[in-house]
Protein chains: 2
Amino acid sequence: MPVRGRPRGFDVDEALERALEVFWRQGYEGASMTDLTAAMGINKPSLYAAFGSKEELFRKAVARYAEQDMGYARHAIAQTTTYEVVATLLRENVLAVTRPDRPAGCLSIQGGTACSSENGGVAEFLAASRLAGERALADRFARAVSESDLPADANPAALARFVMSVTEGQAIHAAAGVSREELRQTAEIALAGFAAVSGARRPATADNAA
Amino acid sequence: MPVRGRPRGFDVDEALERALEVFWRQGYEGASMTDLTAAMGINKPSLYAAFGSKEELFRKAVARYAEQDMGYARHAIAQTTTYEVVATLLRENVLAVTRPDRPAGCLSIQGGTACSSENGGVAEFLAASRLAGERALADRFARAVSESDLPADANPAALARFVMSVTEGQAIHAAAGVSREELRQTAEIALAGFAAVSGARRPATADNAA
DNA sequence: GAAGTTGTGTACCGAGCGGTACTGATCCGA
DNA sequence: TCGGATCAGTACCGCTCGGTACACAACTTC
């Protein structure tokens with residue numbers, strides 16, 4: 001059964017994409033409906049009909065972001081060794097937060113770490129989604145312990161927290177204008193430090209370039 | 001020569017302190033004049049007479065924050081060895097971002113990493129002040145190289161960027177509700193990693209507790 | 001006490017906020 | 001060709017935003 005009534009005059013995915021970038025650059029509260037509709041090329045009633053409200057639009061933007069901009073994290077976790085997991089995560093993160101065709105930094109931080117009391121839910125939502133990613137990494141490290149890829153006395157949660165802290169700091173640096181090459185150096189330091197501290201075996205093939 | 005005219009009915013420092021906490025919790029754009037004046041216990045005209053504008057108030061709050069909440073950073077840089085500098089910085093940072101009598105996290109991040117276009121200067125101002133701190137740390141590391149406390153081939157700027165990235169990530173974690181003890185574990189991992197990678201000598205007295 | 005100076009409180013400004021009612025326009029199936 | 005359904009666009013809602021005019025209160029100096 002095809003659509004009934006007048007068809008939409010714009011592409012919902014494309015409009016969401018534009019909104020995503022506005023939220024990314026200006027944060028949730030810093031992005032006004034006027035900014036959003038201007039970037040999306042539609043009028044307010046169309047936005048509300050298609051997305052419900054500003055907050056729903058934001059959550060859909062974050063979901064889209066997680067799917068297409070955070071794919072590297074799932075790819076990283078799927079690596080076969082702990083070292084490769086972390087190496088992939090840190091290096092891909094550098095690329096992700098400095099993509100020339102995207103705003104600098106990371107939406108889940110730029111979106112808003114602090115909000116007015118009425119929008120407090122937005123900051124909490126972003127924090128929860130970041131911590132969910134961290135938990136996935138901690139689970140991956142726990143598996144590595146059970147596979148003897150990490151020592152039995154390793155602390156998976158703390159190691160994951162360390163790696164995520166670095167990526168978040170890198171995202172903030174990127175948003176401040178720090179270059180990809182500079183962040184790459186930092187990522188290699190973090191990776192080498194992780195390898196030295198975690199007890200994860202570093203592969204014989206030296207693929208790093210600090 | 002004493003004051004002329006009616007004396008002020010409130011303490012400017014105390015009012016600035018209250019404003020500081022509101023900005024810290026809600027960010028620059030998330031803190032409305034109503035929120036601020038309510039917390040400061042004064043009316044808007046008094047605020048404008050004493051502080052000029054919302055943005056000036058914010059900058060004064062950040063200056064106050066740098067002076068009294070970031071003092072640990074100056075203390076850290078003044079340590080005699082690179083290891084002690086980094087150990088102090090990372091450990092004191094954990095305490096600073098989880099002080100029970102303060103909002104969680106760090107004002108220079110919570111204040112706003114992304115803003116609307118008209119308030120873009122606020123985010124830039126915060127980014128610049130963070131990078132200034134990083135440069136001071138890089139200078140300290142450069143001195144350590146010249147003192148042979150770090151290897152001649154060490155990259156002071158990259159090492160400083162790594163340490164600051166960790167502290168920023170820790171601040172974001174704290175704002176998300178992560179506990180002091182959890183952050184302490186992460187700080188020890190970062191410290192041990194830094195020691196292993198930088199070539200900084202670790203003191204014989206083992207004062208760490210990962 | 002009067003004059004001059006400065007802070008306080010109320011009441012208000014224009015502008016922009018997020019969100020919506022309503023009129024037409026545009027499609028479908030019959 | 002007409003009725004039903006859906007979307008687009010204008011024009012507007014109440015509200016809050018940051019910021020201020022103005023009358024009054026409180027203080028010092030003469």
Side-chain angles (χ1 to χ4, degrees), chain A residues 1-16 18-19 22-23 25-61 111-112 114-123 125, chain B residues 1-16 18-19 22-23 25-61 111-112 114-123 125:
Chain A
M1 179 178 121
V3 294
R4 304 220 306 186
R6 177 175 177 174
R8 228 179 226 122
F10 61 96
D11 186 299
V12 175
D13 266 17
E14 202 166 324
L16 183 56
R18 300 285 168 279
V22 174
F23 282 130
R25 250 187 297 268
Q26 306 189 6
Y28 176 74
E29 292 189 322
S32 72
M33 294 304 297
T34 304
D35 294 332
L36 291 166
T37 53
M40 299 164 86
I42 62 176
N43 293 99
K44 271 196 279 186
S46 300
L47 190 156
Y48 278 88
F51 300 102
S53 69
K54 184 187 181 184
E55 182 162 346
E56 281 185 58
L57 172 64
F58 179 69
R59 289 176 187 258
K60 282 166 184 162
C115 287
S116 68
S117 47
E118 64 186 10
N119 291 323
V122 170
F125 163 67
Chain B
M1 178 174 122
V3 293
R4 303 218 308 186
R6 179 174 176 174
R8 226 177 228 123
F10 64 96
D11 185 300
V12 175
D13 266 17
E14 202 166 326
L16 183 56
R18 299 287 168 278
V22 175
F23 283 130
R25 249 186 297 266
Q26 307 188 6
Y28 176 73
E29 291 188 323
S32 73
M33 295 303 297
T34 305
D35 295 333
L36 290 165
T37 52
M40 298 164 86
I42 62 177
N43 293 98
K44 272 196 278 186
S46 299
L47 190 157
Y48 278 86
F51 300 102
S53 70
K54 185 187 180 184
E55 183 163 345
E56 281 186 57
L57 173 64
F58 179 69
R59 289 176 186 259
K60 282 167 185 162
C115 286
S116 67
S117 47
E118 63 185 11
N119 290 323
V122 170
F125 164 66

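Letters A, B, ... mirror the listed sequences (proteins, then strands); counts begin at 1. All values below were derived from every heavy atom in this structure, side-chain atoms included, with hydrogens, water molecules and symmetry-related copies excluded.
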Is there a side-chain contact (heavy atoms from CB on, under 4.5 Å) between B:Met40 and B:Phe51 once you walk through the steps? CA-CA 12 Å; B:Met40 298 164 86; B:Phe51 300 102; 3.6 Å; yes
A:Leu16 vs A:Leu57, side-chain contact (heavy atoms from CB on, under 4.5 Å): CA-CA, chis, key distance, verdict: CA-CA 8 Å; A:Leu16 183 56; A:Leu57 172 64; 3.8 Å; yes
Spacing of B:Asp11 atom CG relative to C:dT8 atom C1', expressed in whole Å: 17 Å
Nearest nucleotide by nearest heavy atom, which residue falls closer to the 5' end of DNA chain C, B:Lys44 or B:Phe10? B:Phe10
Between C:dC17 (C1') and A:Asp35 (CG): distance, integer Å: 11 Å
Residue met sooner reading DNA chain C from 5', once B:Ile42 and A:Glu29 are mapped to nucleotides: B:Ile42
Rounded interatomic separation in angstrom, taking CE from B:Met33 and C1' from D:dT16: 13 Å
Contacts to DNA chain D from residues 45-61 of chain B, heavy-atom cutoff under 4.0 Å, which residues? B:Pro45, B:Tyr48, B:Lys54
OP1 or OP2 of D:dA8 sitting under 4.0 Å from any side-chain N/O of A:Asn43? no
For B:Glu29 and B:Ser116, indicate whether the former's side chain and the latter's backbone hold a donor-acceptor pair under 3.5 Å. yes
Looking at A:Arg8, does any N or O in its side chain come under 4.0 Å of the phosphate oxygens OP1/OP2 on D:dC7? yes
With no hydrogens and no angle check, is any side-chain donor or acceptor of B:Asn119 less than 3.5 Å from a backbone partner on B:Val122? no
Summary of side chain to side chain donor-acceptor pair (under 3.5 Å) pairs that have at least one residue in residues 50-59 of chain B, sequence neighbours excluded: B:Glu55-B:Arg59
Quick note, B:Pro7 side chain, CB onward, closest among C:dT8, D:dC27, C:dC12 is D:dC27
Taking atom types as they are modelled, is there a donor-acceptor pair under 3.5 Å from the base of D:dC7 to the side chain of A:Arg6? yes
If the plane angle is over 60° it's perpendicular, under 30° parallel, otherwise tilted; pick one for A:Tyr28 and A:Phe23. parallel
